[in-house]
S.K.: 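First the structure, which I've put down as structure tokens, then a few questions once you've had a look.
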Amino acid sequence: PQPGGVLNVPVTNDPTTWDMTISRSTPNSPGAAMAYDPLLTWKTGPDVDYNQGVLIPKLAERWEASKDARSYTFHLRNGVKFADAPPLNGRELTSADVKWSYEYASRTGAFRDKNLPPAEFDFMFEGLDRIETPDRYTAVVHFKVPFAPFPNYTGADWNLIMQGGRGRGARRRGASAAPGAGDDLL
């Protein structure tokens, strides 16, 4: 197989939003999961038993958990780019996008007092204290109390890393394309 090209996939209806925090139902979830990626994902394939759950890197090349399960450090893969389409035009994914995505999903940080509806999966960030970005490729997620399930939650199909900063409103304006850092441009 060769990378690249066009794959046409028929769908019965278009996603109503690219914002997975307000609707992760069909047809939104499958479309967003093709356009955006999570930090980690679940290993699949013929060599993986049905009842086996193995987390593997996706946008992160590796991750570490503190011994007390209160902090998780994700080291992003260098060179991952958003789709080469407006408004992002292929800009590189950075730890600022991770921070923006997780603060938006948890309604913390810059989104704390914005009167946004609760995210459908805000339980995945229960007890979130803060997110630090010590450099362009490192995001450190801190919880107030131990939160052992967090690495598993980072692999959820709807807990995706979206573009922060410039261009982020495209998801909410009913854009015809989702310029994510996933494998596909929709």
S.K.: Which distance, rounded to the nearest 0.5 Å, do you find between the NZ of K81 and the CG of N78?
M.R.: 10.5 Å
S.K.: How long is the straight-line distance from CZ of F82 back to CZ of R91, given to the nearest 0.5 Å?
M.R.: 5.0 Å
S.K.: Under the rule for salt bridge (charged side-chain N to carboxylate O under 4.0 Å, His left out), what residues qualify as partners of E64, not counting sequence neighbours?
M.R.: R62
S.K.: In chain order, what residues pass the salt bridge (charged side-chain N to carboxylate O under 4.0 Å, His left out) check against R77, with sequence neighbours excluded?
M.R.: none
S.K.: Checking Y72 now: which residues fulfil side-chain hydrogen bond (donor to acceptor under 3.5 Å, both in side chains) with it, not counting sequence neighbours?
M.R.: none
S.K.: Could you label the plane-to-plane angle of the F121 and F125 rings as parallel, tilted or perpendicular, counting under 30° as parallel and over 60° as perpendicular?
M.R.: tilted
S.K.: Indicate yes or no for a side-chain donor-acceptor contact from E92 to the backbone of G79 under 3.5 Å, with no hydrogens or angles considered.
M.R.: yes
S.K.: Can you name the nearest heavy-atom pair linking A105 to A119, along with the distance?
M.R.: O-CB, 3.0 Å
S.K.: Please check this pair: side chain of S101 against backbone of M162, looking for a donor-acceptor N/O pair closer than 3.5 Å.
M.R.: yes
S.K.: Transitive ILVMFWY cluster of I56 at side-chain heavy atoms under 4.5 Å: who else is in it?
M.R.: V54
S.K.: Can you list everything that forms a side-chain hydrogen bond (donor to acceptor under 3.5 Å, both in side chains) with T154? Sequence neighbours excluded, please.
M.R.: none
S.K.: Could you report the tightest heavy-atom contact between L128 and S106, atom names first, then the distance?
M.R.: CD2-OG, 3.3 Å
S.K.: Under the rule for side chain to side chain contact (heavy atoms under 4.5 Å, CB included), what residues qualify as partners of D47, not counting sequence neighbours?
M.R.: K43
S.K.: Going by salt bridge (charged side-chain N to carboxylate O under 4.0 Å, His left out), name the residues that satisfy it together with E126, two or more places apart in sequence or in a different chain.
M.R.: none
S.K.: Do F74 and Y137 have side chains that get closer than 4.5 Å, going by heavy atoms?
M.R.: no
S.K.: Would you give the length of the straight line joining atom CD1 of I131 to atom OG1 of T108, rounded to the nearest 0.5 angstrom?
M.R.: 5.5 Å
S.K.: Grab the two heavy atoms, one from I161 and one from L93, that are nearest each other, plus how far apart they are.
M.R.: CG2-CD1, 3.7 Å
S.K.: How would you list all residue pairs meeting salt bridge (charged side-chain N to carboxylate O under 4.0 Å, His left out) that involve residues 146-155, not counting sequence neighbours?
M.R.: none
S.K.: Sequence neighbours left out, what pairs pass salt bridge (charged side-chain N to carboxylate O under 4.0 Å, His left out) with at least one residue falling in residues 98-112?
M.R.: K99-E103
S.K.: Should the heavy atoms of other residues, nucleotides or ligands under 6.0 Å from CG of N115 be counted, would the total exceed 12?
M.R.: no
S.K.: Taking all atoms of both residues into account, what is the closest heavy-atom pair of T94 and L76, and its distance?
M.R.: C-CD1, 3.4 Å
S.K.: Donor-acceptor pair, N159 side chain versus A156 backbone, under 3.5 Å?
M.R.: no
S.K.: Please list, chain by chain and in numerical order, all residues satisfying side-chain hydrogen bond (donor to acceptor under 3.5 Å, both in side chains) with D113, sequence neighbours excluded.
M.R.: none
S.K.: Sequence neighbours excluded, which residues qualify as side-chain hydrogen bond (donor to acceptor under 3.5 Å, both in side chains) partners of R70?
M.R.: none
S.K.: Show which side-chain atoms of residues 138-152 pair as donor or acceptor with protein atoms under 3.5 Å away, not counting sequence neighbours.
M.R.:
from: T138; atom 1: OG1; to: D135; atom 2: OD1; distance (Å): 2.9
from: T138; atom 1: OG1; to: D135; atom 2: OD2; distance (Å): 3.2
from: H142; atom 1: ND1; to: S71; atom 2: OG; distance (Å): 2.7
from: H142; atom 1: NE2; to: E132; atom 2: OE1; distance (Å): 3.0

